[in-house]
Amino acid sequence: MENMNTSILPLALNNVSFQIGEMRLIKDMTCEFNTGPCTTVIGPNGAGKSLLLRLCHGLILPSSGNITWQADEAAVTTAQAMVFQRPIMLRRTVAANVDYALKLRGVPRNKRQDRINSALSQVGLKRLLDTPAHVLSVGEQQKLALARAWALKPEVLFLDEPTASLDPAATHDVEEIIQAIHNEGTRIIMTTHDLGQARRMADEVMFLHRGRLLERAAAKEFFAGPKNDLAQAFLQGELLWWRLGKDNRRLENDD
Amino acid sequence: MNDFGDALAAAATLVVSGNPELIEIVSLSLKVSFSAVLIASVIGLPLGAALVLFRFPGRLSIVVMLNALMGLPPVVVGLIVYLLLSRAGPLGILGLLFTPYAMIIAQTILVTPIIAALTRQLVEDLWTEYEEQLRSLGAGPFRALPTLLWDGRFSLVTAVLAGFGRASAEVGAVMIVGGNIDHVTRVMTTAIALEVSKGDLALALGLGMILLALSASINAAAFLLRDITRYNKRSRTISPRVTKWKT
Ligand SMILES: Nc1ncnc2c1ncn2[C@@H]1O[C@H](COP(=O)(O)OP(=O)(O)OP(=O)(O)O)[C@@H](O)[C@H]1O
Ligand SMILES: [Mg+2]
């Protein structure tokens, strides 16, 4: 949001594939992310949700196709942040974890303290300021990772299953935090396994299966009845590989 | 056996009375080895980390070479440094042969590969953990390097200690390049070798006792340091000792 005047969005994926060895893990994905909504990426385990976020965030490069932002590389790096599926804590105190991120972004020392304090009180970790981050519980680490990303005031924030290992109360807290971040104008692109969460948070839903984007729709429409039959099955809690095994047509289509 | 008992008693007297010759030898040993380890750390810690963070052609050969150099025989290092520093050698004009500086150079060469190789291993483990996060935050290799050294500092102490152990215990290199000259380049290990060959077991044993005590206490100090920091880290959440006593 510090670069509000020069937005890095839209982010465009053009025919993006990612492959390791012979395995094509992301297949011919073409989509665009504009300013505005909160996008939730759903799909079964191994669908490629985390890989998609990594590709967008620039941690891995596509094997073919291209990913473009509307700004130069330096601006793109500083205008986005990501929270990983497994929170990665620096072996420092809670406050120092946030401080480090701010320092890397070149936030001057006298402004850092305020940003640290407000980010940490936002997630309710203020009292643990001086605790080494790696002794926190997984849920607290998840919140700290969010605070660290949020303190950067990114224009785009990627969240990879931000509530995967949280109890219901913590999940509620974290959802509120994400909502607050969203309300401040940050573009949220998140993955989740929690369909309830997708219902609560998402403005639009992307359904991934085996590295393909099978459906992208406004959340209301999607949850009212997805067009794609695999997405329907997923919403009903069916095991997709089971359907796949019985349905030869789909096996052929899927390479 | 009586010889040994007498020698031990004499050694104890030397140590307790603070024999000036003994003190001179011990302090030179410490100065040489500390300097060597300091220089080797300044080179080896960043070098080890750089080998993890920077990808360049020949990186793997350097890694393999460093690991091989960890077992470098001190006498060979001594010989090479001797040839370099001897009057006919390329660095002869410096006039460093048979001075403590020559000994520092030799021990630095001996210790740097140890510190660098161990650092590379430790930093690599940490980097696997940190990589995505640091890259996500926009840290390039130059920013990541000090971060990894700082966050890995407690394990890296072990690497530096291994280097110090090597430096203070070796005799071959300092003997060749220092010459074991009384009051100039005589250190604990060379003195022990000499006194034993002369048959003066008391001084040799006294020095041996100090050498042992020294390496033991440095290791103990490092262990304590780690322990204290660990304890502090935990004490804010759970205090193991208190819970133990209360139950
Ligand atoms: N480095 C890698 N090497 C080989 N295969 C990989 C690698 N990274 C990911 N994959 C494979 O790519 C597929 C997609 O992985 P990804 O982590 O994106 O799944 P996901 O949709 O996030 O699943 P989950 O819901 O379990 O988090 C998986 O089948 C995984 O095994
Ligand atoms: Mg994932």
Side-chain angles (χ1 to χ4, degrees), chain A residues 50-51 53-61 73-94 96-107 127-137 140-141 144-145 148-149 151-152 154 156-160, chain B residues 45 48-49 52-55 118-119 121-160 222 225-244:
Chain A
S50 298
L51 284 178
L53 292 199
R54 283 193 171 85
L55 280 164
C56 292
H57 190 44
L59 290 175
I60 50 179
L61 294 173
E73 204 175 320
V76 166
T77 317
T78 51
Q80 49 175 317
M82 177 157 173
V83 174
F84 295 90
Q85 194 163 356
R86 299 190 196 93
I88 303 170
M89 296 290 109
L90 302 185
R91 298 188 184 158
R92 305 175 179 211
T93 63
V94 166
N97 262 274
V98 183
D99 187 55
Y100 181 80
L102 290 171
K103 206 160 33 176
L104 271 186
R105 290 288 155 92
V107 178
R127 74 206 152 80
L128 296 173
L129 210 72
D130 292 324
T131 312
H134 61 268
V135 304
L136 299 182
S137 78
E140 288 165 340
Q141 291 190 5
L144 174 55
R148 187 171 57 190
L152 300 174
V156 182
L157 178 57
F158 295 100
L159 302 170
D160 198 357
Chain B
L45 292 172
V52 176
L53 293 170
F54 295 91
R55 306 276 133 168
L118 293 177
T119 300
Q121 187 59 56
L122 293 166
V123 167
E124 184 144 287
D125 294 345
L126 195 57
W127 180 235
T128 344
E129 186 185 328
Y130 277 17
E131 179 174 4
E132 289 208 310
Q133 184 65 60
L134 293 196
R135 284 180 51 213
S136 164
L137 292 173
F142 287 101
R143 281 310 301 262
L145 195 143
T147 305
L148 290 168
L149 289 181
W150 178 251
D151 282 22
R153 62 195 179 281
F154 296 115
S155 352
L156 289 173
V157 167
T158 328
V160 173
L225 183 82
R226 286 186 75 158
D227 208 47
I228 288 168
T229 49
R230 282 230 181 111
Y231 177 74
N232 277 344
K233 277 177 192 164
R234 292 211 183 111
S235 61
R236 283 174 198 282
T237 39
I238 316 158
S239 173
R241 293 190 196 167
V242 175
T243 42
K244 205 181 218 170

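Just the heavy atoms: all of them, side chains too, but no hydrogens, waters or symmetry mates, feed the values below. Naming convention: chains lettered A, B, ... in sequence-line order (proteins, then strands); numbering from 1 in each chain.
Atom CZ of residue A/F158 and atom OG of residue B/S136 lie 9.5 Å apart, to the nearest 0.5 angstrom. Atoms CZ and NZ, from B/R143 and A/K103 in turn, are 7.0 Å apart once rounded to the nearest 0.5 Å. Interatomic distance, B/L148 CG to A/R91 CZ, rounded to the nearest 0.5 Å: 10.0 Å.
By the 6.0 Å contact criterion, CZ on A/R92 is enclosed, its count of non-hydrogen atoms from other residues, nucleotides or ligands being greater than 12. The local environment of CZ in B/R55 is crowded, with over 12 non-hydrogen atoms from other residues, nucleotides or ligands closer than 6.0 Å.
Residue contact with chain B, scored on non-hydrogen atoms closer than 4.5 Å, involves the side chain of A/R54 exclusively.
Ranked by heavy-atom pairs shorter than 4.5 Å toward chain B, the options A/Q80, A/M82, A/H57 are led by A/H57.
In this structure, B/Y130 and A/M89 approach most closely via the heavy-atom pair CE1-O, 3.6 Å. For the residue pair B/L137 and A/A101, the shortest heavy atom distance occurs at CD2-CB, 3.7 Å.
Between B/L134 and A/L90, the closest side-chain pair of non-hydrogen atoms falls below 4.5 Å.
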